[in-house]
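This report concerns only the one structure given below.
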Amino acid sequence: MQFPVKHVLACALLAVGATVAHAQTVIKFSHVVAQDTPKGKAAEFFAKKAEELTGGKVKVEVYANSALYKDKEEMEALQLGSVQMLAPSLAKFGPLGVKEFEVFDLPFIFDNRDDLHKVTTGPVGQKLLDKLQKRGITGLAYWDNGFKIFSSNKPIHQVADYKGQKYRIQSSKVLEAEIRALGGIPQVIAFGETYQALQTGVVDATENPPSNFYTQKMHEVQKYASMTNHGYLGYAVIVNKKFWDGLDATVRGQLEDAMKQATAYANQIAQDENDQALEAVKKSGKTTIYTPTAEERTALKKALVPVHKQMESRIGKETIQDVYQATG
Ligand code: LMR
């Protein structure tokens with residue numbers, strides 16, 4: 001049987017179309033925070049740029065707010081290849097066996113963002129990302145969030161005020177030591193379950209930068225917060241190594257470019273997002289914000305800095321020294 005030429009052509013075009021559609025690579029990017037945060041916005045920015053720069057060859061699906069996976073599950077899903085990209089907080093790499101990242105959790109290790117960037121944009125940061133390779137993970141970038149504040153249902157001014165309270169923490173041994181150094185009781189709870197844990201009294205207190213505090217509505221269940229800025233919370237953007245290495249080299253280059261732009265964007269908006277969130281908390285009238293006096297902050301620092309030495313055997317002396325040296 002003979003088919004008219006135009007039918008044959010139409011079929012050929014359909015087949016090409018199907019191949020093109022089939023050739024689209026999907027990157028599932030899962031994270032646990034709200035869309036309206038530095039990480040949430042940067043993930044959306046990356047998705048848009050990736051699609052633009054690859055000419056639609058890559059589609060990035062962003063799943064915010066633990067919609068796909070919670071903290072622990074998302075790491076497992078990445079290694080299994082069920083998701084391709086994550087941006088976990090630097091405090092969440094210990095359970096993966098890469099304990100060195102907990103250096104970022106050491107209280108008072110960074111005086112400000114400039115100090116932090118000396119690490120994240122230099123050889124020390126790169127050396128840490130390289131350690132992920134042995135876990136089947138490639139580290140692409142560091143994204144900022146900000147410095148943490150302590151919150152509670154009791155006023156926390158003096159070091160003694162921290163004592164005896166139960167604190168929700170991320171899964172980091174350094175954060176556990178930090179809370180113990182204050183006489184508190186640390187409890188690891190997934191980010192997505194924190195609001196409920198505070199609301200129901202499973203824990204009394206917590207720590208996070210204002211953007212997470214506000215967008216998770218923690219201000220509704222915490223009466224007091226103290227502007228301690230005692231530690232840093234930020235992210236490593238990571239991908240499944242097998243997936244990443246298997247990409248066409250040109251496409252991978254375009255995605256690296258998209259990531260570079262998303263990183264610049266993330267780090268540019270992080271401070272503003274936190275400032276705005278803090279203002280929103282104040283405006284809500286639900287959490288009283290306290291700024292510690294210079295003496296109170298010095299006393300807090302004195303109580304917490306011994307954690308550096310204490311955690312040397314876990315993080316590695318060399319990594320801690322690398323960070324000290326990079327920050328001058
Ligand atoms: C937390 O668990 O408190 C944070 O790591 C959440 C996040 O991703 O910012």
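Computed from a prediction, not measured in an experiment: that's the story for all the values here. We use all heavy atoms of the structure for the numbers below, so side chains are in, but hydrogens, waters and symmetry mates are not. We count ligands from 1, going down the list as the structure has it; atoms in each ligand are counted the same way.
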ask   = Who are the side chain to side chain donor-acceptor pair (under 3.5 Å) partners of Tyr69, not counting sequence neighbours?
value = none
query = Looking at Asp144, Asn267, Thr327, which one forms a side chain to side chain donor-acceptor pair (under 3.5 Å) with His117?
reply =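 Only one of Asp144, Asn267, Thr327 forms a side chain to side chain donor-acceptor pair (under 3.5 Å) with His117, namely Asp144.
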Under 3.5 Å: N or O atoms of ligand 1 paired with protein N or O:
| residue | atom | partner | partner atom | Å |
| --- | --- | --- | --- | --- |
| ligand 1 | 2 (O) | Lys92 | NZ | 2.7 |
| ligand 1 | 2 (O) | Arg168 | NH1 | 3.4 |
| ligand 1 | 2 (O) | Arg168 | NH2 | 2.8 |
| ligand 1 | 3 (O) | Arg168 | NH1 | 2.8 |
| ligand 1 | 3 (O) | Asn208 | ND2 | 2.9 |
| ligand 1 | 5 (O) | Lys92 | NZ | 2.9 |
| ligand 1 | 5 (O) | Gln170 | OE1 | 2.6 |
| ligand 1 | 8 (O) | Lys39 | NZ | 2.7 |
| ligand 1 | 9 (O) | Asn212 | ND2 | 2.8 |
| ligand 1 | 9 (O) | Tyr235 | OH | 2.4 |

[X] and [Y]: side chain donor to acceptor below 3.5 Å:
| X | Y | answer |
| --- | --- | --- |
| Asn145 | Ser211 | yes |
| Thr215 | Asp36 | no |
| Gln222 | Ser152 | no |

ask   = Considering the options Arg168, Lys70, Lys72, which one meets the salt bridge (charged side-chain N to carboxylate O under 4.0 Å, His left out) requirement together with Glu193?
value = Lys70
